[in-house]
Structure formats: structure tokens, C-alpha cells
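One-based numbering, in listed order, for ligands and for the atoms of each. Position 1 is the first residue of the sequence; numbering continues from there.
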Amino acid sequence: MVRARLSGGILCLLAILILMAAPGLSAKNYLFKTCEQSPFCRRNREYADRATAAPAAWAPPYSVDLATVSFETGVLDGTILKSVLDSRGEPTVAELPFSLVFLESGSARLVVDEKRRLGSPIDGFPSRLTQRRYNEASKWAVVGDMTPDISAIDISTDEERSGGIYRIKYGPNHSFEAVFSASPLQIKFLRDGEAHVILNERSLLNVDQWRPKPTVENLAEDPSLANEIDIKDMWEEDFGGKKDMKPKGPEAVAMDITFPGYEHVFGIPEHADKFSLRETRGGEGNHNEPYRLFNVDIFEYDVNSPMAMYGAIPFMQAHRKGSSVAVLWANAAETWIDIVKTRPNPEAFGTRKSTQTHWISESGIIDVYVMLGPNSASVYQQYGSLTGYAPLPPIYALGYHQCRWNYNSEDDVLEVDANFDKHEIPYDCIWLDIEYTENKKYFTWMKPSFPNAEKMMQALDKRKRKLVAIIDPHIKKETGYKVYEGLVKNDLTTKTENGKEYNGWCWPGESAWIDTFNPKAIEYWKDQFKPGKFCGYEHNLLIWNDMNEPSVFNGPEVTAPRDNIHYGNWEERDVHNVYGMTFINATVQALAARQPRQRPFVLTRAFFAGSQRLGAVWTGDNAAKWEYLDIAGPMLLSHSIAGFGFIGADVGGFFGNPTTELLVRWYQAGAFYPFFRGHAHIESKRREPWVFGEPYTSLIKSSIRLRYQLLPSLYTAFHRTSFDGMPIMRPMFLIAPDNEDILDIDDQFFWGETGLLVKPIVQQGALSTEIYLPDDEVYYDYFDSTIYQGLGYHHIEAPLEKIPVLARGGHILVRRDRYRRSATLMSHDPFTLVVHLDNAGNAAGVLYLDDGETTANIRGAYSHRFFMFSSQDNILRSRSMQPSSVNSRSFEKTIDTVRIEKVLLVGFDMDKLKSATSVESFQDKKSWTTEITVEVAANGKASVITVRDPKVLVTGDWSIQF
Ligand code: NOJ
């Protein structure tokens, strides 16, 4: 048996090698489908070609039954009819009920379903084959209020309505309008009278209607049926020797979405590609393939590619001067997105093109949310009010994480831990990859090397550090392995199309997969994490969920067969992109149940819209090559604007061995990734920060220490995103929304609330770079206060020890400058405020503080401060931003001795100084003076005034007069 499997594997490998020898083919081309190889994608692309080749002559088979259309209490609904031939070749119609719901939150939602599959059994067919379309992607993705906005009003005239036109005013102050036209079917979304999003502008709406599988007999009766129904593709499929029995037949849904006058669209992670999405139908610099959303284990992925990766967020934002809008295509099945740009339409939009997109999903319903902005901040807020905001993570999760596949024993772990201290490098979490387990059986330990995990955990805890252990969703099929036996006994695994336990191959060999769609499976999972069950000391144990696409080594496209069955009788095909999210959801629930007062931390590889509510994500298996460092920036920006701000890329590159230069540059960039983890493949050489000796150890150390210094500002940015969705890594257009020259720039970004503009060095040998300033504000080199000003590119030196970071005038950032072993140990350290003045001499900033670990913050146990420097009176002020409560006061009591130990005022006009030697501070009705040191502006550098120990306390209101 084992030999048979092995030889099968070897044959497969040989086939891959032979194929790879063919020019232009990589293992990935062989393993993963193109649109042409995906029948529903191919059919819909052909449909689009027919529709767009001669639009005037194009008559789509869809119309609206006007008698069914009505508008009431915030909902416009009715039925779309599709004219088709039945199995006897007779013309008939498929009814597609639709509803357009105007939500109180300001978004609009269009749902198109299929009546025939809506539950009522069809004579002569087993119910599973006629089951309703999967309509629960929104259930996982969307947690916001779905209440229709009853104040939405129909402003159409009787004449318009009888012609099938409905105009509905909705949104804030009725500034949004949806214009529904029945013929041709189209929905235009306007803001302040101008169209921003058009659904079905090109009539590419296409829904595969239910039909019986053609039999040999009825084909013989009427051979013309074979033209419409390509049995091979629609009723079964074969890819790479793996059969997909498609018992329900073709079920695809598709529609086009146009963004008129928007030349740039962003989002739909995850792809290793530019931030501004490319066109996908050929042409120089464009792709030939649509962007694909299908969660797969794509090791060492290609860069600059639209290929599918580990996660899928079907959210797209369009931005142009003065406007930002977005859509969410809430469908969990495999989805392809074609993007084309029109020729400029000078009358309507000057030189700007429009972007036309075409969304194609294998099954499920059409479920689209339209967000009309008007700006990026409101788009993120609207998206967050639908899919939820990322909760504030524990502060240690924002520190540095040290991982490799693998730290091999308890001694190894503790030695790495000690080395951080020896080299005085802070870090918070050390990670254990799969080798800590006994033969890849999760919840067990490889006893010879990890004989006493409890002791190891305690030793780490003593130094206020955490352990993150990997737990994957594949469970080794082995008699006597309790976790597996429990799964089987309780019937909690995913199933084959015949309803049997599904088995495939992953790290442990033959495995079963936990079906975390099943509420009982979640309870079972929680049980595995009960105190004492896993390692006996869970206080500082966090979890890493990997391979949850799911990755199945011998499955089609390295994942589960699409005809597998999940809880609720849904096929893998229907729920695929959401499975990974259900798995981390179970883990998060397990950690929360185990330690209800602690904020859980879980890292996931697979994700869907809404996964930001659960944890952090990383970009999977990159490589120790410059192009992967380069692409990480644009990738992280795409995640960031799609709601998933807690994101990082493996620092150093997972596969291979980085040169010292690459490693140093990667740590510099990584210090600004929202999630900052060094990781390496099992065959890569050791590369912990001290391995290469000087000067590299010091260079890496200074990047990690910079991260720790900036933690208060980073934590504050995470706090902001937790209530309004504002990303941590911010694209240029968020800061300069009216500058259209920057929409293509994705190699630099703004960081949180700090005004820091970061441009990592991502080219080998580069010792300088050009940094683009998107506006006329004054910028200061963060490290030496050199002034940069003026729209456009500026040259900046970047020797190996320096990452180019400029501070935009107008912001106050908050640091903690003392070295500590971990983030948790910094909780009582004093603060430094760095005030970067803007052109008008003003600046403002925010600081959010809480205990960093527990859920007490939700009950108001935090402190929120606002700092402001005004050029009117040259006073730096601190004020509270929160209502005082018992909980806030009791938290503030725990830090009531924490002071501001330093203030740096950058760019101040010295002539305005009241005293050249001191400042006056005021707090609690007292005042005192503090000496200052002054560096006057010279040689292109700004003036810097340093106030050492002004003795003001962080929790109270105070002011400092300069
Ligand atoms: C694949 C993950 O992407 C990688 O980070 C991990 O080291 C390996 N699985 C082994 O668990």
C-alpha cells in the first residue's frame, strides 16, 4: 500500500519534471489551472467576448419581469428571466429572483438567486442535486447590521417606473442614488448626481440555470443539445488526472462591474502583483489571465502574477482625484476577475480611462455590496461596518517574532531565547513549526526533544515571552491517536462525494480534515485546548494555523476535491475560500474559551473577507531573493486596504539563504510590517540576528530596536483600525487623495498615524533611492532631520545602515526609547514625543494605552491622549480623548507615575522661542521650568529642540510653553 503510494508520487514528480522541461512551463503552471482550463471561466470569458465584439448586435438572454418589480421599505426586488432551451430543446425561462437592499450603514447590496434551486424538490432528482445555491458567504464575511434603510426613497416618475426605471435615493442625506433599468438590465450607483459604479453595464450577467444532466438517450433524441451542454466540462471535469464529479452540473454566476472614470483599481488580495491592478486581457505590461481567487498552497509563488494564492478577499477599491468607491463580491467559490480599461472618454472624464471588471464564480449566488465612499477613509469605514473591524491585538503580537522550521528541541528554543538577551535584541514570541510534534500529530510533543514543554513554557514566561505553536487542520489518520479517533467517533471530518470520511495526504501522511463549518467540530476543537491538555502550561501559548486552504498534497491543485462535502451538505466548491477562516475561527474560539480574559493571538495562512476579525496573516512561502522583498510592499498594501491590516511577509525570505545585505534590508522593511516575523525553511541555514556577526548583528538589532521604540505609535494605529478600519500601512493616495500621479506608486507607504513615509531599499547594491513626496508639506529625515520639500521625487542616501524614512510635518509620534527584553516589559517605561511641525508650525498626534493583553480595554480600561502643538501660542498640550469612567481611572492608576521623559520639537522657528534655555511646564495647577538644548537649523537640517525630562505625567492634562 505504502509502496504503491510512493511510486504514484514518484511518477507524479517525474511527470512534473518532464513538463517543466517544456519551455515556459513551471511546476505551478502544471499544478494550477488557467482560465482556459477552468470550464466556467472559459465559458464566461467567451460570453464576454461575444458581448463586447459587437455590443449593438448583442442580445443577452436576460430580461426583467416588470410585473414583479417593486420597491418597499428599503428594498427593490423582482425577478430576472433567463430564456433557455429545456432538455427537450423547447424554449423556457429560468427565474432569477433579485433584491437590491439599501442598508442603514450606507452600502447597497444586490443579491441574485435562482428560483428553481430554492429549496422545493424537483421531481425525480435527489434533493442534494437540486439543493439551493450556497448563500452563506455573507454569513461568514459580513457581521454588520443588515437592516434595510427605510428612509431610502423612490423618486422615479410613474412613466419611468412603467418603463422599468427605478431611481432610489439613499445613504447619508440621500446623497447616493441607485438607478435600476430593466432593459437592458443595469444598475447605476450615483453619488451627488455622478455615476461611480455600474453593475452589468456590459450585460455580462450570467447564471447557469439548473438543468438535468443530459443522458445518452436524450442526446440521441436531440443531438443539438450537445451544443449547449458540453457534458464533459459541465458534468464532470478532469484536471491533472483528478476527476471532479459535478453532480449538480454547471452553477456559475458572473457579472460585470464598471468604475466609470476610474483608471486605477486596487485590492482583491492575495496576489503577488503590483498594488494598482493590471489589465488582464493582454497588452504590454498586462496579464493574459484574469486575477484568480482560490485559496491554494502555492509554494515559492511567481511574482508579478495574477495566480491564486493562499487567501481571497473579493473586495476592490477604485480611486481617483476627489473620490473613492468599492465593491465586495461576497462569494466563497473559486472566482476569476478580468480587468480592462477603456479608451479615455474626454467628454466625461478628460484623459482618464474607465475600469471595467468581470467577476466569475464557480457556484453560489451573486451577492455584491456597493460602497460609495466618497473618500478612502469612508470606504474603509463602510467595509468595516459590513465585515467587522480587526480587534486590537495584544501588544506582544506587534513585537518581533522569531520563527524557523524548526527549533528542534527545548534546549534549542531556550538557547535562541538567551541569545536575544546576550545581544540585547528585544523579541516577544518564539515559534515552533511542525517538527515539535510526534510524527506531525498536533497536540502531541516529540518527546525526546521536547520532554518537558511545561518547563520550557515557564522559562519563557519568566522573561515575559510567548511561544507560538503550529496546529494545522489535517489530522493524522492513525489508530490510537486520540484527536483523530475523536473526530471520527463524533463524525466531524470533511467527506467525500459519497459521504465517506475524506482522506488525503499532508505532513503526517494520510490524514482527515476537521470540518470547522460544523458547530460541534468547533466545540471539539475547543476541547483539545482545554487547560492541561496540550502542554500543561498554556499561559503564554499562542497558535499558528497553517495549511488551511486546505493544503492537500495529493489533491487537485494541491487542495481538497471540489466535490467533497462539508457540514450542511455544501460542496467544497461552494465554500472553498471560506474554509480556512472557519478553521482559525475555531482556534480563536478555543483560545478565548481557555483564557477568556486574554486577547487571543492566532496567525493564519488562508483567509477570506472578514478574517481580519480573527487574527494576523502572512504572505506564505516567499524566497530569499530580492524580487520577493520587492513584491512584499505592494502585497501588504493590497491586504491593508482590503480590511486585513495585520499582515507581514517572512523576513529574510522563507526558501533559500539570504545574503547578509538582503537580510539587513529585509529587517529594515520588516520593522514597518504590521506583523514582523523572521522565518526560514527547514533546509535554510540558520540566520537568527546574531549569526552573521558584525556589522550585521548591529544593523539587524537597530531595525528591531527601532520597531520597539515605535511600538506606542504602532499600537495606537492598531487601536484606530479597530474602530474605523484605517489601515496601518497606508497607500500614498490616502494622504494625498487628489494627486493622480501617485496611484501607481507602491514601493513606499505611510505608516499609521505617525506621518512616517517609509521607502524600503529592495534592490541589491542600492545605496540611495528616490522618494516621492505627494504634496507640498515639509518632510524631515526621521534620523537626522534633513528637510525635504516639494512635490515629486527627491534623492535620498541609503547606506546599508539606513532605511529611508521621512516624517511628514504636522504629526506627533510617540516612542519608548529604552531597551527591554520584550514589549510587555515596556509597559511602565517613560515616553518620548517627537513633534514634527508642518508648514504652518503646527502638529498633532494621538496615544492609546491599555494593559496590552487583557480584554479589559473593551470595558473602558484604557487611556487615550491627544497631543497638539499650536503655532498660535507655541504650547504643546496633552488632553484626554475619552470619557472618564471607573475602568479608565483604575487603568490610569496603574500607570500614574509614567512620565514623558523627552520632547523633541523639530522644525521650530527659533526666533519665536520665549527663552533660549528653558521651557515652562504646567500640570495639576503647578508649573516648573526645564532646561532645553537647541540645535539650530543648518546645512539643510531642521532645528531640533530637546526637552529632557519635563516631568509631565502621561495620564494627565498638561502643557509645555516653548
Ligand atoms: C508551510 C508554511 O507556509 C511554512 O511557513 C511552514 O514553515 C511550513 N508549512 C511547515 O509547517
Side-chain angles (χ1 to χ4, degrees), residues 27-28 31 269-270 272 295-302 307-311 401-408 412-413 416 429-446 449-450 467-476 504-509 511 513 542-555 557-559 580 583-584 587 602-607 611 615-624 628 631-632 635 639 647-658 666 670 673 675-688:
K28 274 156 249 149
L31 284 171
E270 185 173 36
N295 295 358
V296 287
D297 181 356
I298 182 161
F299 49 91
E300 201 171 352
Y301 41 81
D302 290 342
M307 285 176 83
M309 293 183 67
Y310 310 95
H401 299 258
Q402 184 62 48
C403 187
R404 81 167 270 116
W405 180 12
N406 224 96
Y407 291 117
N408 294 319
D412 196 1
V413 167
V416 172
C429 301
I430 188 157
W431 292 52
L432 284 181
D433 210 322
I434 50 178
E435 310 299 328
Y436 79 87
T437 61
E438 185 202 323
N439 299 328
K440 320 292 181 297
K441 286 182 280 184
Y442 305 109
F443 305 100
T444 71
W445 294 86
M446 185 56 110
S449 33
F450 292 90
L467 184 91
V468 188
I470 198 167
I471 303 234
D472 294 350
H474 47 255
I475 303 297
K476 187 173 173 66
W505 278 64
C506 207
W507 300 126
S511 307
W513 273 260
L542 291 315
I543 300 297
W544 172 16
N545 284 163
D546 186 21
M547 313 297 273
N548 51 340
E549 295 72 27
S551 172
V552 181
F553 294 159
N554 60 343
E557 301 196 86
V558 204
T559 190
F583 181 59
I584 155 172
T587 307
V602 182
L603 180 78
T604 180
R605 196 171 68 174
F607 55 90
S611 293
V617 67
W618 93 110
T619 60
D621 297 349
N622 57 6
Y628 288 85
I631 205 71
M635 289 180 78
H639 283 80
I647 165 86
D650 282 344
V651 169
F654 179 65
F655 289 112
N657 296 298
W666 216 320
Y673 294 168
F675 172 63
F676 183 22
R677 183 183 77 157
H679 185 34
H681 185 260
I682 194 164
E683 283 157 18
S684 301
K685 294 185 196 133
R686 290 276 170 143
R687 56 163 93 137
E688 288 69 24

| task | Report yes or no: does a heavy atom of Trp544 sit under 4.0 Å from some atom of ligand 1? | result |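 Distance cut 4.0 Å: Trp544 passes for ligand 1.
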
| message | Check for me whether Trp507 has a heavy atom closer than 4.0 Å to any atom of ligand 1. | response |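 Trp507 counts as a contact of ligand 1 under the 4.0 Å cut-off.
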
| message | Under 4.0 Å from a heavy atom of Ile470: which atoms of ligand 1 are those, numbered in the order shown and with their elements? | response |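 So the atoms of ligand 1 that pass are 11 (O).
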
| request: Using a strict cut-off of 4.0 Å, indicate which atoms of ligand 1 neighbour a heavy atom of Ile434. | output: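 Answer, ordered by atom number: 10 (C), 11 (O).
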
| query | Would you call Asp650-Arg677 a salt bridge at under 4.0 Å N-O? | reply |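 Looking at Arg677 together with Asp650, the answer is yes, because their closest N to O distance falls below 4.0 Å.
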
| field | Cationic N near anionic O, under 4.0 Å, Arg686 to Asp412 | value |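 Looking at Arg686 and Asp412, the cut-off is met.
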
| For Thr619 and Glu270, which heavy atoms make the closest approach, and how far apart are they? |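 Scanning both residues completely, I find the closest heavy atoms to be CA-OE2, 3.4 Å.
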
| task | For residues Glu549 and Asp297, report the shortest heavy-atom separation together with the two atoms involved. | result |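 Scanning both residues, the minimum pair turns out to be CG-N, 4.0 Å.
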
Does a donor on one side chain sit under 3.5 Å from an acceptor on the other, for [X] and [Y]?
X: Trp618; Y: Tyr310; answer: no
X: Thr559; Y: Asn295; answer: no
X: Trp507; Y: His474; answer: no

| task | List the closest protein heavy-atom neighbour of atom 2 (C) of ligand 1: residue, atom name, distance to the nearest 0.1 Å. | result |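 The closest one turns out to be Asp546 OD2, 3.1 Å.
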
| field | Top protein contact for atom 10 (C) of ligand 1, by heavy-atom distance | value |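 Ranked first by proximity to atom 10 (C) of ligand 1 is Asp433 OD1, 3.2 Å.
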
Would you kindly specify which portion of [X] sits under 4.0 Å from ligand 1, judged on non-hydrogen atoms: side chain, backbone, both or neither?
X: Asp297; value: neither
X: Trp618; value: side chain
X: Arg605; value: side chain

| So, Tyr407 versus Tyr436, ring centres under 6.0 angstrom or not? |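 Aromatic pair excluded; centres sit 6.0 Å or further apart.
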
| Nitrogen or oxygen of His679 less than 3.5 angstrom from that of ligand 1 |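 Yes: some nitrogen or oxygen of His679 is under 3.5 Å from one in ligand 1.
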
| task | Would you check the N or O atoms of Asp621, main chain and side chain alike, for any that come under 3.5 Å of an N or O of ligand 1? | result |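 Yes - when backbone and side-chain N and O of Asp621 are compared with those of ligand 1, one distance drops under 3.5 Å.
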
